[in-house]
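Letters go in sequence order (proteins before strands), and every chain restarts at 1.
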2 protein chains.
Amino acid sequence: MDAGKPRSISAARPSGRGAPGKRPQEKQGASRKAGNVERKQAILRAALSVFAERGFESARLDDVAARAGVAKGTLYLYFDDKEKLFEEVVQSEVSPILDRIGALASARDMPIEKILEALFQVFEKEVLGTERKHLLRLIIAEGPRFPHIAELYFRNVIGRAMPLISRMAAQAVVRGELQSDALVRFPQLVGAPLLFAVVWDSMFARLQPLDVAGFFAAHRETLVGKMRRTRP
Amino acid sequence: MDAGKPRSISAARPSGRGAPGKRPQEKQGASRKAGNVERKQAILRAALSVFAERGFESARLDDVAARAGVAKGTLYLYFDDKEKLFEEVVQSEVSPILDRIGALASARDMPIEKILEALFQVFEKEVLGTERKHLLRLIIAEGPRFPHIAELYFRNVIGRAMPLISRMAAQAVVRGELQSDALVRFPQLVGAPLLFAVVWDSMFARLQPLDVAGFFAAHRETLVGKMRRTRP
DNA sequence: CTTATATGACTGACCAGTCAGTCATTGCAC
DNA sequence: GTGCAATGACTGACTGGTCAGTCATATAAG
């Protein structure tokens, strides 16, 4: 071994970290601090894909680093540990959903049928149509062992969406659009098919595809009552 | 933490160093003789509780052995490896559900409302009320990484229940008990709240309990249409 | 004694997290 | 503008602990 340099005795530094042009080259002002946002985002994206694919335990941080195009040590410049990284992945994906929920609130006076249609459509496009669907499955899978994450998700998404739906349903009942107050008492009725669609998609789609749009439509139909008009 | 790719299925016989003789009597695909059914069941029970609690990856076979009251080596007299043990746990819990599904088939001529009521009740008692609920969550969590298990579950449970429900719904439509054929086209509508209840229970019950019986009743109410208001 | 079953210390792969070392960039002196 | 020291983001070989799976040995059964 070539001793000489400190660093243990195996300073064999092979390729001497060849990869030269790797520096981010931040824009002017350069926040060279530990805060290269772009790189952090790259890590988060890589982490989502690895976690989604393998689950929290089997996800290897070496893979995350590789996919993000950084060295493993770099991960620790941005995140305290694996668990924290996972939390931030969840957080970062939950935020956009929050916005969508907010948008819903403003649609309060539309007919309930339209609202549900819009809601399901957003879900189909923004969750089922993206990697976010894996995140949802991930939360289900790991939630029980990460109460903190379950709580985060509940407080930010579920806990906000439920009362909102309940309130809109109540208005619909008053307006005579809904015959039953089932949806008022159990806004979860809206969430069930969403969850189901995600699970089916990730597990059984391969064995038997589900016509998600049709499924959602059928569900809306039962919710709204669709009183089979026989002729006005 | 094995990695799924390297270890596990891959051969990679670690130790052994040119083992003296081949394995004892390797019974290909199954454990050796190992005929004590009671002990095997004890191991399966222990494994279910450990897997349910930690997930497949984090589950430690030392824990399974301890809970089953045997030594770790004993596990390998009954199961080839961790993955096989997991599969058998699933298999052993799926079987009883199969019986229930069979029983449903004979109730084909009851009013759809009664059938659904019975179905939901069975689920509440036999799944939500037992450790089996954890299994369901486990399947969701690990299914994507164990296609074999997802398929097993699909073929034995989902794939059988769906057509059955569809057929019963069709009869109900003919009898005029259902105004819409939504349930015929999407028997999954019945499964959605079941799945949802399991997930809610394991993740959010602590934060906001769900009145499962009420939830199921509300869902039945929307499905059946409860024709209160009528057409013009 | 021979065979079936059980045990648990042990082996080696595996991986989260660490840290000594590197080097592009920046800032200061001339 | 040129030279050079300081900075700190980045790297990846390494460590320490964990755990699936093994096997020499022990015990029970026949």
Side-chain angles (χ1 to χ4, degrees), chain A residues 1 4-36 38-40 42-43 50 54 56-66 68-86, chain B residues 1-27 31-36 39-40 42-43 50 54 56-66 68-86:
Chain A
M1 307 317 182
K5 286 302 180 189
R7 207 277 160 325
S8 279
I9 310 175
S10 59
R13 208 127 281 272
S15 56
R17 72 152 259 70
K22 199 75 176 214
R23 209 105 272 141
Q25 183 80 354
E26 196 59 27
K27 297 197 170 159
Q28 21 109 297
S31 52
R32 263 194 70 212
K33 295 288 273 193
N36 186 328
E38 220 168 276
R39 180 151 292 189
K40 183 166 181 175
I43 294 173
V50 174
R54 325 269 316 234
F56 179 79
E57 285 293 342
S58 331
R60 281 179 290 129
L61 291 187
D62 284 299
D63 284 349
V64 174
V70 302
K72 184 150 72 147
T74 306
L75 302 181
Y76 290 87
L77 297 177
Y78 293 88
F79 307 93
D80 288 343
D81 55 25
K82 192 181 183 182
E83 203 170 320
K84 206 68 188 266
L85 171 59
F86 182 55
Chain B
M1 295 99 198
D2 118 338
K5 180 132 132 252
R7 222 199 320 228
S8 251
I9 295 181
S10 87
R13 214 124 273 271
S15 59
R17 271 320 60 103
K22 279 303 190 166
R23 252 126 302 135
Q25 44 215 117
E26 192 76 16
K27 210 28 180 171
S31 35
R32 225 177 302 171
K33 243 70 217 190
N36 191 333
R39 180 155 290 189
K40 183 168 181 175
I43 294 173
V50 175
R54 323 271 314 244
F56 178 79
E57 285 295 341
S58 325
R60 282 178 292 130
L61 291 185
D62 283 301
D63 285 349
V64 174
V70 302
K72 185 153 72 151
T74 306
L75 302 182
Y76 289 86
L77 296 176
Y78 293 86
F79 306 94
D80 286 344
D81 54 25
K82 192 181 184 184
E83 206 170 315
K84 204 70 194 268
L85 171 60
F86 182 55

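Under the rule for a ring pair (Phe, Tyr, Trp, His ring centres under 6.0 Å), A/Tyr76 has no partner lying at least two apart in sequence or in another chain. For A/Phe79, there are no ring pair (Phe, Tyr, Trp, His ring centres under 6.0 Å) partners two or more places apart in sequence or in a different chain.
Atom P of nucleotide D/dG12 and atom CG of A/Leu75 are separated by 12 Å, given to the nearest angstrom. Rounded to a whole Å, the NZ atom of A/Lys82 is 9 Å from the P atom of C/dC15. Rounding to whole angstrom units, OH of residue B/Tyr76 and C1' of C/dA6 are separated by 15 Å. Protein atom CG of A/Asp81 is 14 Å distant from nucleotide atom C1' of C/dC15, rounded to whole Å. Atoms CG (B/Asn36) and P (D/dA29) sit 12 Å apart, rounded to a whole Å. Computed from coordinates, the B/Asp62 CG to D/dT22 C1' distance equals 13 Å when rounded to whole Å. Rounded to an integer number of Å, the gap from NZ of B/Lys84 to P of D/dG21 is 13 Å. Note: NZ (A/Lys72) to P (C/dC14) measures 14 Å, nearest angstrom.
Residue B/Arg39 places no side-chain N or O under 4.0 Å from the OP1 or OP2 atom of C/dT5. Using a 4.0 Å cut-off, no side-chain N or O of B/Tyr78 falls inside it from OP1 or OP2 of C/dT5.
Comparing A/Gly73 and A/Ala59 against DNA chain C, the residue whose closest nucleotide sits nearer the 5' end is A/Ala59. Taking the nucleotide of DNA chain C with the nearest heavy atom to each of A/Thr74 and A/Phe56, the more 5' of the two is matched to A/Phe56.
Once rounded to the nearest 0.5 Å, the distance linking CZ of A/Phe56 with NZ of A/Lys82 reads 5.0 Å.
Taking every side-chain heavy atom of A/Leu77 into account, D/dC10 is the closest of D/dA20, C/dT7, D/dC10. Among the nucleotides C/dT7, D/dG12, D/dG21, the one closest to the side chain of B/Leu61 is D/dG21.
Residue contacts for B/Ala66: at a heavy-atom cut-off of 4.0 Å it reaches no nucleic acid atom on any strand shown. Within 4.0 Å (heavy atoms only), A/Ala65 reaches no atom of the nucleic acid at all.
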Output, in order, the C-alpha distance, side-chain angles, deciding distance and verdict of side-chain contact (heavy atoms from CB on, under 4.5 Å) for B/Arg54 and A/Glu57. CA-CA 10 Å; B/Arg54 323 271 314 244; A/Glu57 285 293 342; 5.9 Å; no
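Judged by distance alone, the side chain of B/Lys84 and the main-chain N or O of B/Tyr78 form no donor-acceptor pair under 3.5 Å.
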